[in-house]
Undergrad: 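A single structure is presented below for examination.
Lettering of chains follows the sequences in order, A, B, ..., and the numbering in each one begins at 1.
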Protein chains: 2
Amino acid sequence: MGNKVSVGLLGLGVVGSGVIKLIENHQEKLVHQLGCDVQVKSVLVRDLEKQRDVNTDRTFLTTNPDDVLNDPEIDVIVEVMGGIDEARQHILKAFSAKKHVVTANKDLVALHGQELQKAASQNKCDFYYEASVAGGIPILRGITEGLSSDRIQQVMGIVNGTTNYILTKMDNDGMSYEDALKEAQELGFAEADPTADVEGLDAARKMAILGRLAFSTDVDLEDVEVSGIKNISLEDLQHGNKLGYTMKLIGNANFSNKQLEVDVQPTLLSKEHPLSDVKNEYNAVYVYGEAVGETMFYGPGAGSLPTATAIVSDVVAAIKNMLLGVTGNQLVEPHFNKQLKTPAERVGQYYVRMHANDAPGVFSAISSLFNKFEISLKHILQTPFKDGLAEIVLVTHQTSLENFRNTLKELHQLDGVLDISSYYKVEGDAE
Amino acid sequence: MGNKVSVGLLGLGVVGSGVIKLIENHQEKLVHQLGCDVQVKSVLVRDLEKQRDVNTDRTFLTTNPDDVLNDPEIDVIVEVMGGIDEARQHILKAFSAKKHVVTANKDLVALHGQELQKAASQNKCDFYYEASVAGGIPILRGITEGLSSDRIQQVMGIVNGTTNYILTKMDNDGMSYEDALKEAQELGFAEADPTADVEGLDAARKMAILGRLAFSTDVDLEDVEVSGIKNISLEDLQHGNKLGYTMKLIGNANFSNKQLEVDVQPTLLSKEHPLSDVKNEYNAVYVYGEAVGETMFYGPGAGSLPTATAIVSDVVAAIKNMLLGVTGNQLVEPHFNKQLKTPAERVGQYYVRMHANDAPGVFSAISSLFNKFEISLKHILQTPFKDGLAEIVLVTHQTSLENFRNTLKELHQLDGVLDISSYYKVEGDAE
């Protein structure tokens with residue numbers, strides 16, 4: 001290894017360029033910490049001729065993966081190419097060649113994290129992926145090291161900056177979803193095709209990774225129930241506001257009685273909850289531990305340099321391990337067999353908005369129905385609507401998802417109820 | 001080491017009891033992570049007969065330090081006795097006996113951290129002190145590992161729960177300082193003698209530790225300029241509120257041009273700043289890194305179990321290192337020679353409240369004086385006071401501390417100015 005550690009890069013997009021800049025600009029700090037230089041030696045790209053905003057004079061660009069993966073001088077591979085199959089093959093090859101791997105690829109880690117972790121372990125290599133969740137926030141280390149002694153019961157995250165930006169604009173400025181999305185795209189906070197963000201899939205991948213590390217149990221992507229933000233109306237934001245809630249896309253992972261529940265859905269969050277102040281494109285992860293209580297980690301969830309900070313901090317960790325001769329010790333086999341909660345075991349509070357005839361007996365029938373399923377109501381807001389109708393907004397106390405679903409089903413059929421406009425989960429209320 | 005690691009405890013107060021409870025209750029998680037049992041074998045106490053709320057049947061209580069420090073079966077010492085001289089002697093002795101040490105003692109680490117770290121290193125021992133700053137929040141790891149690749153420029157902290165509780169009550173409920181302190185004492189958030197908290201000394205110790213780790217330079221306790229919260233008036237809180245600020249006791253450590261500045265003082269913080277939402281007894285540390293930008297770590301700053309979480313996570317780290325055979329690798333010698341900023345090099349915004357004759361020319365003379373020292377004003381709030389006086393509140397744009405001090409000096413002597421009631425630093429404004 002000598003006085004220099006060489007790093008190979010797979011991909012040179014926004015994040016890859018950030019990694020090159022950070023390693024160059026912070027060389028003095030890296031040398032100070034590690035006692036050796038860190039150098040990006042070669043970079044796998046698709047197009048050698050493309051103009052790039054980063055200085056790659058001293059860096060060998062190649063279109064042949066083997067130039068990076070089989071270079072014996074390279075000890076650490078940084079995968080920032082994205083995608084699944086190709087990235088997975090390259091990383092497995094890197095481990096076979098006894099190279100340590102750092103990745104920012106949440107899609108890949110959510111789908112194949114366990115497989116890759118095992119391959120790393122078998123080859124006595126390090127596998128780090130701090131940048132895959134919440135960009136520059138060191139949340140994975142926070143969970144696995146900072147809170148290693150505690151039993152974590154809940155992880156709640158605003159882990160998608162695009163949707164948080166859109167919801168902030170809708171909430172603060174009364175913008176429509178379409179206008180807020182357009183503004184986010186213009187500012188670079190949303191992609192041209194925002195599907196994975198606005199439908200909650202991106203957040204679901206991050207929650208699968210967080211759940212796995214927090215609870216030491218398998219979490220597969222299909223275990224995460226997902227709904228997105230496309231159908232949120234300004235009316236619901238406004239009603240929520242009146243009752244003391246802010247609408248956020250919340251990833252929520254719970255673990256109690258060794259049973260797991262993970263979902264991503266638009267949620268009316270109490271304004272008393274620390275996550276409710278997280279605005280614009282920022283991310284934050286709230287962790288509730290049995291002993292530590294409430295903690296929160298806040299910061300930028302994306303961006304070239306913030307993400308590069310997480311990646312290069314992982315590279316520093318891998319190099320420290322190399323220098324100490326202790327790479328390949330990160331494998332934590334899931335301790336608990338996965339056991340998902342049933343709808344009867346999942347508890348929560350819910351918000352419902354509906355329209356009903358403003359006639360004697362209608363509200364009484366509605367409240368009897370909730371009572372039938374043992375759901376008590378925390379907030380009731382009835383206002384005159386048009387055409388002899390009333391708009392009714394209800395927020396329940398804690399109930400099971402099963403009881404809430406059954407109530408909704410019968411509510412649809414109740415005489416005098418015209419429509420159920422929307423319903424959302426409610427979080428963060430002191431009960 | 002076998003299938004068990006034995007821990008010795010120095011002290012069995014609130015935090016020590018939490019450590020015993022946590023190690024007992026979370027044994028399954030510890031075994032899962034470490035592959036071995038963790039057991040508290042003996043505990044140094046002052047009084048063997050005292051009633052304790054923790055099960056110590058299987059634990060050997062002793063009043064003789066050597067029973068803990070010289071027990072060859074004990075590998076890790078947890079120091080939670082507090083105080084300086086005795087704790088320091090015990091820890092040095094522990095290192096000589098090749099035992100790893102975890103401490104929550106901020107007073108000791110702030111004063112003798114470098115000496116103890118060197119002693120640890122010479123004996124190839126680990127020395128961890130996550131619990132010494134901000135209780136359960138894993139902020140030291142966040143800085144030294146999570147953000148290891150970044151250059152940190154600023155660390156701002158609400159690192160004292162007592163004062164944050166008092167200021168929250170004054171701000172939200174209009175309580176007087178005395179009433180808020182009394183309530184904090186009744187709830188156990190303030191000590192019977194609150195001096196170290198309300199005068200900012202406790203926060204200063206934590207800021208010295210944070211500054212040292214964040215900037216890799218020596219920070220001595222006497223480098224930290226400190227002022228407390230005893231003289232804050234409700235008037236200043238209310239004026240601040242009107243202008244968009246919240247009063248907080250802020251520890252602020254800056255490092256630019258390799259020059260250091262650390263202070264703890266009541267500060268009017270912009271309501272847009274993430275720290276402004278940190279309420280009651282909670283702590284939070286805001287870290288600004290050149291590449292990552294804004295991050296914040298939030299959680300409980302004190303309490304038996306939260307603090308124990310940080311301690312036992314440190315114990316887990318030390319044991320992992322023992323299992324890997326790599327203890328004693330934490331020594332990071334300060335990289336930069338300490339160089340403190342002069343008042344001319346320290347920039348900030350300031351709030352001043354004064355009373356002056358409500359007569360022609362007086363305000364003009366005041367504003368000319370600020371202009372003379374090249375200070376421009378961001379907010380001006382003048383309201384009629386009694387006896388023909390006006391109350392004037394000013395918030396400056398960025399200026400040097402030197403210019404601000406010179407302005408204050410001349411302001412005292414200005415015709416028509418009766419008194420300068422108060423002045424505070426202002427932070428978090430977008431400039």
Undergrad: Could you go through A:R141 and A:D314, starting from their C-alpha distance and side-chain angles, then the distance that decides it, and tell me whether this counts as side chain to side chain contact (heavy atoms under 4.5 Å, CB included)?
TA: CA-CA 10 Å; A:R141 281 202 174 71; A:D314 275 352; 2.9 Å; yes
Undergrad: Quick check: under 4.5 Å, non-hydrogen atoms only, which of residues 148-157 of chain A neighbour chain B?
TA: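 Residues A:S148, A:S149, A:D150, A:R151 are the ones that qualify, each having a heavy atom under 4.5 Å from chain B.
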Undergrad: Give me the atom names and distance for the closest heavy-atom approach of A:V38 to A:V7.
TA: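 Here A:V38 and A:V7 meet closest at CG1-CG2, 3.9 Å.
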Undergrad: Between A:L147 and chain B, with a heavy-atom cut-off of 4.5 Å, which part of the residue counts as in contact: side chain, backbone, both or neither?
TA: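 Both parts, heavy atoms under 4.5 Å.
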Undergrad: So what's closer than 4.5 Å to chain B heavy atoms on A:Y288: side chain, backbone, both or neither?
TA: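 It is neither, since no heavy atom gets under 4.5 Å.
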Undergrad: Please tell me if the side chains of B:V315 and B:V78 come closer than 4.5 Å, counting only heavy atoms from C-beta onward.
TA: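 A side-chain contact exists here, since the closest heavy-atom pair is under 4.5 Å.
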Undergrad: Among B:L140, B:I137, B:I23, B:N25, single out the residue with the greatest number of heavy-atom pairs under 4.5 Å to chain A.
TA: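 That would be B:N25.
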Undergrad: Chain A heavy atoms under 4.5 Å from B:L324: which part of the residue, side chain, backbone, both or neither?
TA: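 Both the backbone and the side chain of B:L324 come within 4.5 Å of chain A.
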Undergrad: Taking all heavy atoms of A:A318 and all of A:T327, pick out the closest pair and write down the distance.
TA: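 Here A:A318 and A:T327 meet closest at O-CG2, 3.9 Å.
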Undergrad: Please flag which part of A:E145 lies under 4.5 Å from any non-hydrogen atom of chain B: side chain, backbone, both or neither.
TA: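 When you check distances to chain B, atoms from both the backbone and side chain of A:E145 fall under 4.5 Å.
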Undergrad: Heavy-atom distance under 4.5 Å to chain B: side chain of A:Y282, backbone, both or neither?
TA: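 Just its side chain gets close to chain B.
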Undergrad: Any side-chain heavy atom of A:F297 within less than 4.5 Å of one from A:P138?
TA: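 Not touching, per the 4.5 Å side-chain cut-off.
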Undergrad: Quick one: which residue pairs count as a salt bridge (Lys or Arg N to Asp or Glu O under 4.0 Å) with a foot in residues 25-38 of chain A, not counting sequence neighbours?
TA: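 Passing the test, one end in residues 25-38 of chain A: A:E28-B:K258.
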Undergrad: Can you tell me which portion of B:P300 sits under 4.5 Å from chain A's heavy atoms? Options are side chain, backbone, both or neither.
TA: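 Its backbone and side chain both get close to chain A.
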Undergrad: If you compare all heavy atoms of A:N283 against all heavy atoms of A:A134, which two are closest, and at what distance to 0.1 Å?
TA: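 Reported closest heavy-atom pair: ND2-CA, 3.6 Å.
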Undergrad: Among B:G136, B:G325, B:S313, B:G135, single out the residue with the greatest number of heavy-atom pairs under 4.5 Å to chain A.
TA: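 Counting heavy-atom pairs under 4.5 Å, the top option is B:S313.
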Undergrad: What closest approach, in Å, do B:A302 and B:T307 show between heavy atoms, and which atom pair accounts for it?
TA: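 In this case the closest contact between B:A302 and B:T307 is C-OG1, 3.7 Å.
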Undergrad: Could you tell me whether the side chain of B:T217 and the main chain of B:F336 form a donor-acceptor pair under 3.5 Å?
TA: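 Confirmed, B:T217 side chain pairs with B:F336 backbone.
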Undergrad: Is it the side chain or the backbone of B:E130 that comes within 4.5 Å of chain A heavy atoms, both, or neither?
TA: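 Interface part for B:E130: neither.
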